[in-house]
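This report concerns only the one structure given below.
Everything numeric in this text was worked out from a predicted model, so none of it was measured. Convention: sequence-line order gives letters A, B, ...; per-chain numbering from 1.
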Amino acid sequence: MLENKILYGGDYNPEQWLNAPEILEKDIELFLKAKINTVTLGVFSWSVLEPQEGNYQLEWLRKIIDRLFENGIKTILGTPSAARPKWLSDKYPEVLRVRDNGVRNHFGGRHNHCYTSPVYREKVAMINTKLAEEFKDHPAVLMWHISNEFGGECHCELCQAAFRKWLSNQYESIDELNNKWWTMFWSHSYQSFDQIESPSSIGEQGVHGLNLDWRRFVTAQTADFINHEIHTLKKVGVKQPTTTNLMYSVTDVNYDKLAETIDIISWDTYPLWHKKEDILIAYDTGFWHDYMRSLKNQPFLLMESCPTSTNWQGVSKLKAPGLLEAASLQAVAHGSDSVLYFQMRQSRGSSEKFHGAVINNEGRDDARVFKEVVKTGVDLEKLGEVYNTATKAQVALIYDVENRWAISDSQGPRNDGMPYMDMVMKAYRALRRKGFDIDVISMEKEIKDYTLVVVPMLYMLRSGIEEKLEQYVSNGGTVIVTCWTGIVDECDRSFIGGTPHHLQEVVGLYSREIDGLYDWEQNSFVASEQSPFKAEYYCKNLCEVVEVTTAKVLMTFGSDFYRGYPAVTENQYKKGRAYYICADVEEKFYDDLLDIWTKEVKIKIPFSGKIPPDVEVNIRQGEEGKYIFVQNFSRENVDISCMKMEGEIIMGDDKMRLSPYATLVFKQNN
Amino acid sequence: MLENKILYGGDYNPEQWLNAPEILEKDIELFLKAKINTVTLGVFSWSVLEPQEGNYQLEWLRKIIDRLFENGIKTILGTPSAARPKWLSDKYPEVLRVRDNGVRNHFGGRHNHCYTSPVYREKVAMINTKLAEEFKDHPAVLMWHISNEFGGECHCELCQAAFRKWLSNQYESIDELNNKWWTMFWSHSYQSFDQIESPSSIGEQGVHGLNLDWRRFVTAQTADFINHEIHTLKKVGVKQPTTTNLMYSVTDVNYDKLAETIDIISWDTYPLWHKKEDILIAYDTGFWHDYMRSLKNQPFLLMESCPTSTNWQGVSKLKAPGLLEAASLQAVAHGSDSVLYFQMRQSRGSSEKFHGAVINNEGRDDARVFKEVVKTGVDLEKLGEVYNTATKAQVALIYDVENRWAISDSQGPRNDGMPYMDMVMKAYRALRRKGFDIDVISMEKEIKDYTLVVVPMLYMLRSGIEEKLEQYVSNGGTVIVTCWTGIVDECDRSFIGGTPHHLQEVVGLYSREIDGLYDWEQNSFVASEQSPFKAEYYCKNLCEVVEVTTAKVLMTFGSDFYRGYPAVTENQYKKGRAYYICADVEEKFYDDLLDIWTKEVKIKIPFSGKIPPDVEVNIRQGEEGKYIFVQNFSRENVDISCMKMEGEIIMGDDKMRLSPYATLVFKQNN
Amino acid sequence: MLENKILYGGDYNPEQWLNAPEILEKDIELFLKAKINTVTLGVFSWSVLEPQEGNYQLEWLRKIIDRLFENGIKTILGTPSAARPKWLSDKYPEVLRVRDNGVRNHFGGRHNHCYTSPVYREKVAMINTKLAEEFKDHPAVLMWHISNEFGGECHCELCQAAFRKWLSNQYESIDELNNKWWTMFWSHSYQSFDQIESPSSIGEQGVHGLNLDWRRFVTAQTADFINHEIHTLKKVGVKQPTTTNLMYSVTDVNYDKLAETIDIISWDTYPLWHKKEDILIAYDTGFWHDYMRSLKNQPFLLMESCPTSTNWQGVSKLKAPGLLEAASLQAVAHGSDSVLYFQMRQSRGSSEKFHGAVINNEGRDDARVFKEVVKTGVDLEKLGEVYNTATKAQVALIYDVENRWAISDSQGPRNDGMPYMDMVMKAYRALRRKGFDIDVISMEKEIKDYTLVVVPMLYMLRSGIEEKLEQYVSNGGTVIVTCWTGIVDECDRSFIGGTPHHLQEVVGLYSREIDGLYDWEQNSFVASEQSPFKAEYYCKNLCEVVEVTTAKVLMTFGSDFYRGYPAVTENQYKKGRAYYICADVEEKFYDDLLDIWTKEVKIKIPFSGKIPPDVEVNIRQGEEGKYIFVQNFSRENVDISCMKMEGEIIMGDDKMRLSPYATLVFKQNN
């Protein structure tokens, strides 16, 4: 546990103002007004910390940390590896990344460095060691923030060699690799590991096993780099916990693996509020909050968020009054123990100078945004007891980034766009509307304790997920499985002998064909009179033609040559049940499916009524009781009397009605 | 003549399953069920045939050929040059292609090799020699399939030198080249052939003569490579005929030249069935069948087609029941002596693992697709007598790939899109709807024996086509010529002294200006009371303003400042006539023009009525009589009584009605 | 003064026809018919003037100049540096440009040379010297045309070194540069000038100060190259004036700086007539005419324009009858002393062979286009007395290319598109509709003598524009300022302490926030009853939220959370007034604002009525009187009686009515 209160503050770059000490003093004054208790320092400070090679200048940083600490503000301390000084790449060009076409980048941007380069690792170790020696025992330093937003890849010769070595550890022989990657196709067999090159836009791109293993290698190399950074800190005695800030919907690396390297998950969120209905943005953001929490199944930190408009997005949209507060509290509702911003003070120049900040270049404390920051600070003080409470979800939704890699890389059945994320999100939103807390997990996680497991388009099977699902249903669990599941193994090799592989008995059917629909086409799900479904639904993109064995057909397709074929089935398998959805069906279907299912299966929710539109509900489970967050993500008042909520209000003032963007927190004692 | 029956089968890659002999046995069992008599082997087998340099392994191939032959299945044998082993490019990087920006590709994909490289030619010669020695007398080997789908280009120094040499053979002097390419413009004159570089996206792109000659050189170098491959086979005594598989709408090379290198034309067809009305897809596919047949004016082979959905297309659309049969028989109707698939057995991995196959990974003989393959096999046995019969077209449509190069490279009159292929296809479809068999020919072909020659947008004149057209009309032929004809010579140099060059007297007019229309603009063709046309038509893209000399004006433009100017003219020239169409007019115009023309000119068709919508008709001419194919390309029943067909039905069962996707074949004896 | 008549003619490339002397004779015959008095020679002649290194061939050029001069036709003589011969780059590859990714171009295209290369400068000096020696005293040579359409950039090592040197002259120290560029952000500080690299798509792109200074360096290097060319001419005694042809909407370089190097401004205009309403094209073209005239505040030359369709545009649209004349006279109306075409005779081959020409490949003098050229020639003879008369604008519109660089490079507030040019053009068109002559000027120009200064989105402040504006309003001037003004300094560093920087008192308000709107969003301007505005207007893209101090609110926003906040304000500041427009509002607003303003402020226009739609009015001020051009830019007749024009008609025939595309010129004596 870091602190016994919710962390509030954000990224702060005072090295931009070392010649203007009055700025620092002004900032502290405003921080205190806004209840700020934490800042992140040093993330991009390398060229100030080591202006020439070997010339370390840490004094300014200590002074700032001390000065903030005197005012009750603690520091999350960054290692500076995300942006290296010019002298470093000038002297050691090998630290710059090489693109897949073999061209080495010039200096510039961020993250433009090779994770393999021994020189880079050595230089990072040296500056990290200096920082660790200086700050390992500093009472203000809460934790270490390793680098920044890891991602990207390098194709230099050092990385090629490391890739070959990594592969030779994964496969017993080159023959095994050839077989797993199915390189016999188009005569691409390798005779030795030495022949292997990384995927390239001017070379090999069509061997999916190579592509997948390259992504796994990049993940492993990134994790190894993080471990290297942490090791340099621990070697000199750092005891504070570590984190690195993750991001929205990243597919460069597999965060499951990065999560293992650090103590605490943190992430940066920049939703496009107001781009569509706010509740949809809230669901989308909530999905990633849930994903981040589920990585370690423990509270996480909101490491970056924007106080107002975000300058690098297509449109710098102002947040409407109240939204900043709602979005901040939503993070806490989903399991965050912090609300941190990028950035505390606006930069004067360069690429993020128009990024929203707690304090802008005008520097006034009557700015609208600053006043909203103050209000949120007051809220968080009220919610102190929520700190470090848990989330206990009864539903798991399997979202797996390696599956996503494989689906988007695979040729067919819809190169014009596979609806994987759409299908994941349709199910997620329907579950949310029922008020369920949801764990968003990869195939590697345990599933046995959930009441419901939703499995959208699990094209690739790995980590024994097929056995886990079979066992889970055998023991009484419910699964909802969709089309295009169980097609390939972890190297993207088709299973022989029918699909969904290993699950045909569980779902009580087997698949015959899958039809890709053009963007303008649709089919429908229609119900017989006996069906529990009463409506008709449209479906798009993909329609699977299946043959049932033991499953009961609940709906059938309404058109095309497979009219009358099963579209939705239900199968009793041992003590459990499995639903199978044969197409990318519209979202309302999932609402109705959950209605049907919840009539038959008991699942606990902490209120007896229905959730009105535009409202999101989350629960954090403390030792004494539940904290139930009820939030209005619209610009209108919402009547919530229909929810029939019980419990003590610890934030908010009206049990029956939520004003625009308002949050109500109930406590129900155990 | 290869066999006295229609070849049925396709590409087979058993080298993927050498460790699973039960797969081969299972495959043969299913092949026999489906009436398969031919497979194509070895196309991508180099890394199995020569796993290390000089280590040749042909035994496995002989065993498979023998085993298939024991079961009555013959082999089309591929040379493996389309995909080289990794060791080859690792040791000899010169075999990999260089892009127009000077960057050499990495290993990967297919066809990634230089046609000029002496090393590559030598290595290909060696493996081909081994194959030829082994199989030249094998009774199962029907023919040799040289490499695969030739195309693409290389800009390496070896190719640059070959290009310069090729140019110095084409032109008497560098002055002649300068004049033909008009290099005085922008000071681009060359002082010697040594200075010439290939067109490059980071260098010269605006000298159209250079661009055209580069494409001609690439064609010549590709043809030379094919000749090299065939020579290595013949040198050791190969007597079987040769082919190479061509493709849809290719513009990399001029197939007229490649056709000269081989004995039999074959091609690969992957229509986007169901993407729009099937009859339109059928016309489009039919056009390319006709083009392929016309290359040598003899029956061709359908070398590849897909039994169901094609995974590398934007959407993997299933073929509706019956369509596989219809599409297969359409090839035969247009002159194919084979129906061959890619692929016989589905691959387990890599980029085409979801490509449709006769036998899929499930391996069941009750799969819908397999059952349709069986049905088509039964059909083809019925149609055995059609084998090697001819097509005798009375109409020629000039489609010339060099003209297409020049139109798409030329700056103006519509860089936003020149409607060359649209205009070709509008005429083609109208001719089809009249039931005419059509030869699709280049400018190099003889035209004297046709009743009608259609000449859409013949921008470039070469091979004396202007004299041939003049002679043809003089002798009584009819031509339909459109705007933007006769503009440039074979080096894309404008003709001096008016256009359409050499044809002004034939068409009885000369051109003054051409107007480019924006995408949203249109004009119209309007008729006076005397006109044989009774309707009004819209036109788009291009409107030519002409002045008539001897021509009769049939229609005029309806708007813009050239309202009232000629839009359609007819000219009597000596014994023949010439129609001139001044714009890219809507398709219905061509139907009405042909109606008007056929009232005056006799042209024979083998039925007395009209062809209903969605129906395609083709005729193959045997020694005893005509085989008339009547096919329904829709999902509805079609009444064909209006066609008033005569003759004996040799396939199908109802003279009056075609069920969805059904084919009827009549025989009319001579 | 060049001649006492309007120059008429254009670019002529007879070096393409040296083997066809009859072409030259035919051309002269047609030139005389068309009243041609001037041609431009030699622009792309280097490979004919110096076919091998050091082998100079100027005789052919002298002969052509002489032969034309005998026929009364004078020559504008080009230096040939825009397209170098093949031998030059073959021998000295350093002359070819290097791209921002470090790749050197191959030979090809035009302008593909490094302005820094000493070799290139030497070779240009040598050919220029030869030309100067030959033609410096030739009575036919009117002026020197330096190279062609300068633009583009080179990133070679020579340019990198020159850039570093240029920067070290701009900044006192590397610390100053770091501070101005704000490189502390993301650790991008430099320790020495030697470390600096040009912006690169594979390196640094986010340091706006670097990007801006790179553009300034490219401008300086281009100007230096022009100075070098002119110096080589003057060194051997050239006395004739110099020009270089500028272009439409160029942002590669800052034309203000290039203008200083030459004696006379000239430019090339290729409007997309008929792509939308012609009056809109006329306004757009007029804007650039005014910009070019304002560069030196003296008459300019129309150096290139197209007699008919322009082949390198998306669609080669024919100019409707009369438009050529209207467009040509419009240039004169805006201050041009010439009408020159590209090209006099059509090229036979290469990339511009279908570009419109006075004489096309058919070569007939009854061609429609040729006849329109003749008619325009006759007009220009009539307008001889307009030659060298001035334009006296009372309104200045600030359009500044460096401001445009900064807006388009800056991240936020709308990366999906900043409406800078839209806002400039909305104001311009409204001013035109009032009949005002307009100077289009950069921030560097003096503004004190104007009656009105319009300041759309002056994001960047430099050259003391803020002090000039303050002084101007103090002294009684009127400014119209819009949102997003006064944000950053000349290095794109935000001003501290509120915006619009230095102008808060002048406009009587300060800015709080700016909202980016999605493409589909809009807000509105609404008026209270007291407002002089009576309508409601929609606005898009950007809405600024301001707080007024002394300003009067004329309109407010109609929706979103800033509904009721000021949208339009008016402030009395000392003797003058300032309007502030808080959003990108629809164009009609500007018409109404000018109506309100002109009721209160006197501004002189030379007619008492209103200008009808589709009509443009321009005035040239001679010593004896005003020449008022009234032009109809539509295909319909327009009644102009409402304008109540006075004066003598010196061109045209009907004071009350303008036929399609007709021009009327009045003279009003002083």
Counting heavy-atom pairs closer than 4.5 Å to chain C, which one of [options] comes out on top?
| options | answer |
| --- | --- |
| G209(B), P199(B), S201(B), G497(B) | G497(B) |
| R414(B), M184(B), E513(B) | E513(B) |
| I514(B), L542(B), N541(B) | I514(B) |

Which residues satisfy the side-chain contact (heavy atoms from CB on, under 4.5 Å) test with T482(B), sequence neighbours excluded?
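Applying side-chain contact (heavy atoms from CB on, under 4.5 Å) to T482(B) gives M423(B), P456(B), M457(B), T485(B), I581(B), Y590(B).
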Report the residues that fulfil side-chain contact (heavy atoms from CB on, under 4.5 Å) with R99(C), sequence neighbours left out, ordered by chain and then residue number.
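With sequence neighbours excluded, R99(C) shows a side-chain contact (heavy atoms from CB on, under 4.5 Å) to I202(B), N101(C), N105(C), given in chain and number order.
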Closer than 4.0 angstrom, basic N to acidic O: yes or no for [X] and [Y]?
| X | Y | result |
| --- | --- | --- |
| R364(C) | E547(B) | no |
| K317(C) | D515(B) | yes |
| E153(B) | R215(B) | yes |
| E372(C) | R368(C) | yes |

Which bit of [X] comes within less than 4.5 Å of chain B, counting heavy atoms only: side chain, backbone, both or neither?
| X | value |
| --- | --- |
| T310(C) | neither |
| R97(C) | neither |
| S45(C) | backbone |
| H355(C) | neither |
| Q313(C) | backbone |
| V103(C) | side chain |

Write out, in numerical order, the residues from residues 557-568 of chain B with a heavy atom short of 4.5 Å from a heavy atom in chain C.
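Checking residues 557-568 of chain B against chain C gives D560(B), F561(B).
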Is it true that a side-chain atom of N179(B) and a backbone atom of D175(B) form a donor plus acceptor pair closer than 3.5 Å?
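The answer is no, because no donor-acceptor pair under 3.5 Å joins these two groups.
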How about [X] and [Y]: does a side-chain donor come under 3.5 Å of a side-chain acceptor?
| X | Y | result |
| --- | --- | --- |
| W182(B) | Q16(C) | yes |
| Q346(C) | S494(B) | no |
| D27(C) | W17(C) | no |
| S198(B) | H155(B) | yes |

So which of S347(C), A82(C), A320(C), P80(C) has the biggest tally of heavy-atom pairs under 4.5 Å with chain B?
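Option with the top pair count is S347(C).
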Considering only heavy atoms and a distance below 4.5 Å, find which of G314(C), P321(C), A83(C) pairs most often with chain B.
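Highest number of heavy-atom pairs under 4.5 Å: G314(C).
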Pick one of side chain, backbone, both or neither for [X], based on which atoms fall under 4.5 Å of a heavy atom in chain C.
| X | answer |
| --- | --- |
| D100(B) | backbone |
| T183(B) | neither |
| Q205(B) | neither |
| T499(B) | neither |
| S200(B) | side chain |
| Y518(B) | both |

Residues which pass side chain to side chain donor-acceptor pair (under 3.5 Å) with W186(B), listed by chain and number, not counting sequence neighbours
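With neighbours one apart ignored, the set is empty.
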Is the cationic atom of K86(C) (NZ for Lys, CZ for Arg) positioned less than 6.0 Å from the six-membered ring centroid of F107(C) and within 45 degrees of its normal?
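Output yes; distance and angle both within limits.
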Please name the pair of heavy atoms, one in S189(B) and one in S47(C), separated by the smallest distance, quoted to 0.1 Å.
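Nearest heavy atoms, S189(B) then S47(C): OG-OG, 3.7 Å.
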